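Everything quoted here is computed from the prediction, not taken from an experiment. Residue numbers begin at 1 in each chain, while the letters A, B, ... track the order of the sequences.
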2 protein chains.
Amino acid sequence: MNIPVARDKFRRFLTQKGLRVTNQRLAIFDAALAQTEHFTAERLLDFARAIDDSVSRATVYRTLPIMVESALLREVDIGTGEKYYHPNEEGSTTQVAQVVCLDCDKIFEISAPFMGWYGNTVSSKLGLTPVSQRLQVSARCDTLRLTGSCPRRN
Amino acid sequence: MNIPVARDKFRRFLTQKGLRVTNQRLAIFDAALAQTEHFTAERLLDFARAIDDSVSRATVYRTLPIMVESALLREVDIGTGEKYYHPNEEGSTTQVAQVVCLDCDKIFEISAPFMGWYGNTVSSKLGLTPVSQRLQVSARCDTLRLTGSCPRRN
DNA sequence: TTGTGTGCAAAATGTTTGCAAATCA
DNA sequence: TGATTTGCAAACATTTTGCACACAA
């Protein structure tokens with residue numbers, strides 16, 4: 001999904017929710033959608049400020065949940081204290097797992113269609129209805145271990 | 001595994017690591033192992049202080065990673081800002097998933113043996129070696145939704 | 001005896017919030 | 001116009017750390 005189309009979706013989402021379309025929100029949105037890798041709130045602040053230097057940290061933190069709710073952005077919590085975000089691909093109903101390299105700090109997203117089935121099975125046994133699922137694998141880089149340097153590192 | 005046996009394992013673990021067996025560490029350990037539900041660092045501090053009131057918050061935070069490394073305790077991060085802990089059952093090589101009820105705040109642990117297979121498969125494709133995996137399902141209570149009250153609540 | 005472990009309080013981290021001023025509808 | 005949104009800085013919550021004293025080996 002290209003950025004102008006996505007931006008339009010976001011504008012519509014805001015309006016429909018009774019929220020205002022502000023320059024800051026658009027700057028933060030554009031900055032977020034331009035990313036190809038996972039990013040944190042702090043890095044998004046930098047990117048957004050490059051577009052509109054009036055953007056503040058508070059507004060980034062206030063805008064992130066809105067973008068996540070609009071389903072144009074996905075939140076990824078890998079248990080490192082800070083949350084990561086990533087633009088959501090089209091047709092985002094697919095379940096994805098994250099493989100996090102402890103050496104590179106890179107996050108790889110892998111489809112894991114069985115997650116939905118597992119969540120349903122297991123939840124219904126407990127009298128619960130699943131809301132969301134996450135599957136994460138932490139791993140170490142083989143190349144780094146064997147050769148002392150990781151091709152993906154920086 | 002009963003507590004005296006586990007405590008012995010912990011003493012041996014400390015000694016073997018060149019760490020000292022202190023009253024505080026033992027109090028924190030006993031408090032942790034006595035729990036049947038998941039607990040946070042803060043709650044563990046309370047429990048440990050009931051055994052030895054000289055225990056400080058800092059020591060709890062410093063002891064938790066040691067107990068996790070000894071494999072007698074398991075760390076569970078459900079993405080709520082604070083970490084949860086749980087005594088590890090015997091033969092803890094089994095992979096477990098957590099089902100977290102968003103209504104009860106209860107954490108259920110369910111065996112998920114396929115996790116190991118998935119982690120290996122997916123990691124090796126990326127040239128990585130898996131270190132750990134986690135699978136979590138967030139869910140809502142059916143009974144609460146249907147009847148307005150949850151039998152597990154408090 | 002001596003170096004590890006401790007309690008305390010302060011720092012660090014990532015995120016949230018109160019408030020007056022700015023701005024979108 | 002008037003309610004929403006903003007930036008700023010202070011507040012927050014959890015965890016970590018520096019330091020002087022205590023204590024296990």
Side chains of residues 57-66 of chain A: which donor-acceptor pairs under 3.5 Å do they make with residues two or more places apart or in other chains?
{"from": "A:Arg57", "atom 1": "NE", "to": "A:Glu42", "atom 2": "OE1", "distance (Å)": "3.1"}
{"from": "A:Arg57", "atom 1": "NH2", "to": "A:Glu42", "atom 2": "OE2", "distance (Å)": "2.6"}
{"from": "A:Thr59", "atom 1": "OG1", "to": "A:Ser56", "atom 2": "OG", "distance (Å)": "3.2"}
{"from": "A:Thr63", "atom 1": "OG1", "to": "A:Thr59", "atom 2": "O", "distance (Å)": "2.6"}

Fill in the blank from the handout: B:Leu64 CG to D:dT14 C1', in whole Å, measures 12 Å
Handout entry: Atom-to-atom span, CD1 of B:Ile66 to P of D:dT16 - whole angstrom
Key = 12 Å
Considering only nitrogen or oxygen atoms on both sides, find all protein atoms under 3.5 Å from nucleotides 15-22 of chain C and state each distance.
{"from": "C:dT15", "atom 1": "OP1", "to": "A:Lys83", "atom 2": "N", "distance (Å)": "3.1"}
{"from": "C:dT15", "atom 1": "OP2", "to": "A:Tyr61", "atom 2": "OH", "distance (Å)": "2.6"}

Exercise for the section: Determine whether B:Met67 and B:Leu72 make a side-chain contact, defined as any pair of heavy atoms from C-beta on separated by less than 4.5 Å. Expected result: no
Problem - B:Arg43 atom CZ, neighbour heavy-atom count above 12 within 6.0 Å - result: no
Exercise for the section: Mind calculating the distance between CG (B:Leu45) and P (C:dT6) to the nearest angstrom? Expected result: 13 Å
Problem - Test side chain to side chain contact (heavy atoms under 4.5 Å, CB included) applied to B:Arg145 - qualifying residues, sequence neighbours left out - result: A:Thr129, B:Asp142
Are any protein N/O atoms closer than 3.5 Å to N/O atoms in nucleotides 10-12 of chain D? If there are, list each pair with its distance.
none

Fill in the blank from the handout: Taken in chain and number order and not counting sequence neighbours, the residues that satisfy ring pair (Phe, Tyr, Trp, His ring centres under 6.0 Å) with A:Phe13 are none
Tabulate below the donor-acceptor pairs under 3.5 Å that side-chain atoms of residues 119-126 of chain A make, not counting sequence neighbours, or state none.
{"from": "A:Asn120", "atom 1": "ND2", "to": "A:Gly116", "atom 2": "O", "distance (Å)": "3.1"}
{"from": "A:Thr121", "atom 1": "OG1", "to": "A:Trp117", "atom 2": "O", "distance (Å)": "2.7"}
{"from": "A:Thr121", "atom 1": "OG1", "to": "A:Trp117", "atom 2": "NE1", "distance (Å)": "3.4"}
{"from": "A:Ser123", "atom 1": "OG", "to": "A:Gly119", "atom 2": "O", "distance (Å)": "2.7"}
{"from": "A:Ser124", "atom 1": "OG", "to": "A:Asn120", "atom 2": "O", "distance (Å)": "3.2"}
{"from": "A:Ser124", "atom 1": "OG", "to": "A:Thr121", "atom 2": "O", "distance (Å)": "3.0"}

Fill in the blank from the handout: Taken to the nearest whole Å, CD/B:Gln24 to P/D:dA22 is 13 Å
Handout entry: Side-chain donor/acceptor of A:Arg49 to backbone N/O of A:Val55, under 3.5 Å
Key = yes
Exercise for the section: Let me know the distance between CG of B:Leu44 and C1' of D:dT14, rounded to the nearest Å. Expected result: 15 Å
Handout entry: Straight-line distance of A:Tyr118 OH to A:Leu135 CG, nearest 0.5 Å
Key = 10.5 Å
Practice task
Check the distance between D:dC23's P and B:Arg25's CZ and give it to me in whole angstrom.
Solution key: 15 Å
Problem - Any A:Thr59 side-chain nitrogen or oxygen under 4.0 Å from OP1 or OP2 of D:dT5 - result: no
Problem - Interatomic distance where CG belongs to B:Asp52 and P belongs to C:dT6 [whole Å] - result: 10 Å
Practice task
With rounding to the nearest 0.5 Å, note down the distance linking NZ in B:Lys106 to CG in A:Leu128.
Solution key: 11.5 Å
Fill in the blank from the handout: To the nearest angstrom, the CG-C1' distance between B:Leu19 and D:dC23 comes to 15 Å
